[in-house]
Number of protein chains: 2
Amino acid sequence: MGEEVRKNKQVVLNDYVSGFPKESDMKFIEGTIELKVPEGSDQILLKNLYLSCDPYMRILMSKPTTSTFGSYVPGSVSLAFQMQPLTGYGVAKVLESGHSDYEKGDLVWGFSKWEEYSLVSSNQILFKIKHADVPLSYYTGILGMPGMTAYAGFYEIGTPKKGDRVFVSAASGAVGQLVGQFAKLAGCYVVGSAGSKEKVDLLKNKLGFDEAFNYKEETDLDAALKRYFPEGIDIYFENVGGKTLDAVLPNMRLHGRIPVCGMVSQYNLGQPEGVTNLAQLIFKRVRMHGFNVGDHYHLYPKFLELVLPLIKEGKIVYVEDIAEGLENAPAALVGLYSGRNVGKQVVVVARE
Amino acid sequence: MGEEVRKNKQVVLNDYVSGFPKESDMKFIEGTIELKVPEGSDQILLKNLYLSCDPYMRILMSKPTTSTFGSYVPGSVSLAFQMQPLTGYGVAKVLESGHSDYEKGDLVWGFSKWEEYSLVSSNQILFKIKHADVPLSYYTGILGMPGMTAYAGFYEIGTPKKGDRVFVSAASGAVGQLVGQFAKLAGCYVVGSAGSKEKVDLLKNKLGFDEAFNYKEETDLDAALKRYFPEGIDIYFENVGGKTLDAVLPNMRLHGRIPVCGMVSQYNLGQPEGVTNLAQLIFKRVRMHGFNVGDHYHLYPKFLELVLPLIKEGKIVYVEDIAEGLENAPAALVGLYSGRNVGKQVVVVARE
Ligand SMILES: NC(=O)c1ccc[n+]([C@@H]2O[C@H](COP(=O)([O-])OP(=O)(O)OC[C@H]3O[C@@H](n4cnc5c(N)ncnc54)[C@H](OP(=O)(O)O)[C@@H]3O)[C@@H](O)[C@H]2O)c1
Ligand SMILES: NC(=O)c1ccc[n+]([C@@H]2O[C@H](COP(=O)([O-])OP(=O)(O)OC[C@H]3O[C@@H](n4cnc5c(N)ncnc54)[C@H](OP(=O)(O)O)[C@@H]3O)[C@@H](O)[C@H]2O)c1
């Protein structure tokens, strides 16, 4: 059988990034790939369909230190003929499999790379898609990593009770919009913050939040929180960190919980903002708990059982922001850090 | 029966305090008290024996705000003839009781006031002392509130496992010295930080810590922590906050726990130090949990069952710093914030 060498468009990082990432920090290049799993390998050959833009990707763009968790290999430090595309979550179709768990034609979601075709290791996170009667792109969002993040963070780490008062930051995003809807399903009162009027309207009118506000228009975050939570906050689902967290702390209720999901407002800062109100954790006996979705994937079947019917019955909705074409992926990714995305940011590489 | 009006020496606060408290922020005055429980009242009349100096008392000296949990009534805002002494934990003898749970001659520990004789409410925290074959002063420390704090904070909030690597700040203090000893009993490796050579020696040679260091002599706290915890920290028992917490965060291990007991380094600051490394909570999936000993007093009988035999067998030791006389109480209290105390700071009002 002849080896088929194909052109393979890729997105690579030029160099380590400091400060806010720019589109020009990435390059759209044309590599090549042999469309074949090497003899004897258990790798899987994927055709990428949808790629997911996720805030944590910025952390991997920084020069690695002992206190971070890895980094991309930018072009500047790789040899030119070995340029590495970014890695990330995506939805893909199996073209060939060296591993018995997968076969040609399977649809999967999990770790892939920012390119058209990818050869990936079979011990990466890779789930077979068994329900294709929903938009496939959902497996980058509500039915994929961000969905599981909202589920594990809210239910497992947040331990909600009926009547709890819940605050969600970055509320209209991939994770936040689901946290709000889970909170309503759990009988909670939920308020979200987001960065534009459009997003605030979405939260109130489409996503079922009880209240929402534009944090960019609040000169006094503490006063805003007191307005929506006169009796305080039981669960703060933390997506942004920094000033928002500092304003939340004195507004927490006794025995409140803070699932620490992310701190997107801090990822681009050389020196993160200082949080000054941590003594409130003692006064209010608050539990602040960082988590990683990766520790919770064993719950994925249980999660699907809950969420698939809710989607089909229209009891949960999901807002996506779709960028067409791999060439638009750098702009889409960079847009996360200025809030350009409205809902889950997806990049379409191919539709099938 | 004639009413007996007695002189009653008291320590009162002059005015709300900002910054570090000074001895002169308090006044030693002579009040009077009628040594009698008012007819029909369920109050209890106490003769105070030992008073406890506790770091949280500084918080009650500040002008109250919505984000603190109360304050003393300083002389400046009370009418002169109603000057209120400080309140605090202590050991006392019951002189008369309006409540059936207590009777004349009982020894008790719990909430009392900084004066010779006190009339206290029966629904305050007040435990009857059933074991008087240990130093009575221990009920301000190892067998009282700080002991229960170490116990609940370490076992309940810290959830230790054998082999865990434990770091304790303010390690030679009332709470810290016990946390270290509990950690050794639980099969952990434990390192303490304290503010003088004398305290460091105490930690290593008397209190059984594996290692200890003087944080005032470390120009790079991160480097010091890496020296003692090359593989990171599983449990950080947080007593001081601020810079120490910020240095600890990047040194936490996966799934580490931070029982947040206190932040004594912050209580005197108008603007607390900013903690910048909180994103580590996510990277390392750390649980940071503020607690208040008051929520755990139901465990007191279980606690005594554990600790009393250990004391009697010499398997736990306890270091006290005893100030003689109520007139020396202000200096003793103020000394906590410069680390003048070596071990639990007690004030003797009367020995019986
Ligand atoms: N722990 C985990 O396992 C895990 C997994 C997935 C995601 N996460 C975290 O969850 C958070 C949300 O992720 P997502 O995928 O749902 O992203 P997203 O919300 O869809 O996109 C990021 C959003 O963050 C907001 N934002 C950006 N800069 C900000 C700033 N300086 N201050 C406040 N808001 C800012 C923007 O919305 P506005 O217009 O509202 O500002 C932007 O749209 C992130 O922190 C992410 O790292 C954690
Ligand atoms: N959550 C609760 O229910 C609860 C109950 C009891 C106590 N606590 C807290 O537990 C902590 C320890 O209390 P404790 O009774 O055991 O007090 P302690 O340690 O006996 O006395 C306070 C000690 O703190 C240290 N310190 C003072 N200022 C400092 C600073 N700027 N930086 C670092 N260390 C400083 C000093 O020791 P060095 O010489 O080592 O600096 C001082 O001896 C406090 O934060 C207290 O508020 C909480």
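All values below were derived from every heavy atom in this structure, side-chain atoms included, with hydrogens, water molecules and symmetry-related copies excluded. Quick caveat: nothing in here was measured; it's all calculated off a predicted structure. Proteins get letters first, then strands, A, B, ... in listed order; numbering begins at 1 in each.
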A:Ala171 meets the side chain to side chain contact (heavy atoms under 4.5 Å, CB included) criterion, sequence neighbours left out, with A:Val168, A:Leu203, A:Phe209
Applying a strict 4.5 Å limit to non-hydrogen atoms, the region of A:Val260 in contact with chain B is both
(Q) When you compare the side chain of A:Phe283 with that of B:Ile59, does any pair of heavy atoms fall below 4.5 Å? (A) yes
Most contact-rich option vs chain B, by heavy-atom pairs under 4.5 angstrom, among A:Gly274, A:Cys261, A:Pro250, is A:Gly274
With chain A, the option among B:Ile282, B:Leu269, B:Leu249, B:Leu281 that has the most non-hydrogen atom pairs under 4.5 Å is B:Ile282
When the 4.5 angstrom heavy-atom criterion is applied to A:Leu245 and chain B, the contacting part is side chain
Every donor-acceptor pair from chain A to chain B under 3.5 Å, please, each on its own line.
unit_1	atom_1	unit_2	atom_2	d
A:Ser67	O	B:Gln280	NE2	2.7
A:Val275	N	B:Val275	O	3.0
A:Val275	O	B:Val275	N	3.0
A:Gln280	NE2	B:Ser67	O	2.8
A:Arg285	NE	B:Asp295	OD2	2.8
A:Arg285	NH2	B:Asp295	OD1	3.1
A:Val286	O	B:Gly290	N	2.9
A:Met288	N	B:Met288	O	2.7
A:Met288	O	B:Met288	N	2.7
A:Gly290	N	B:Val286	O	2.9
A:Asp295	OD1	B:Arg285	NH2	3.1
A:Asp295	OD2	B:Arg285	NE	2.9

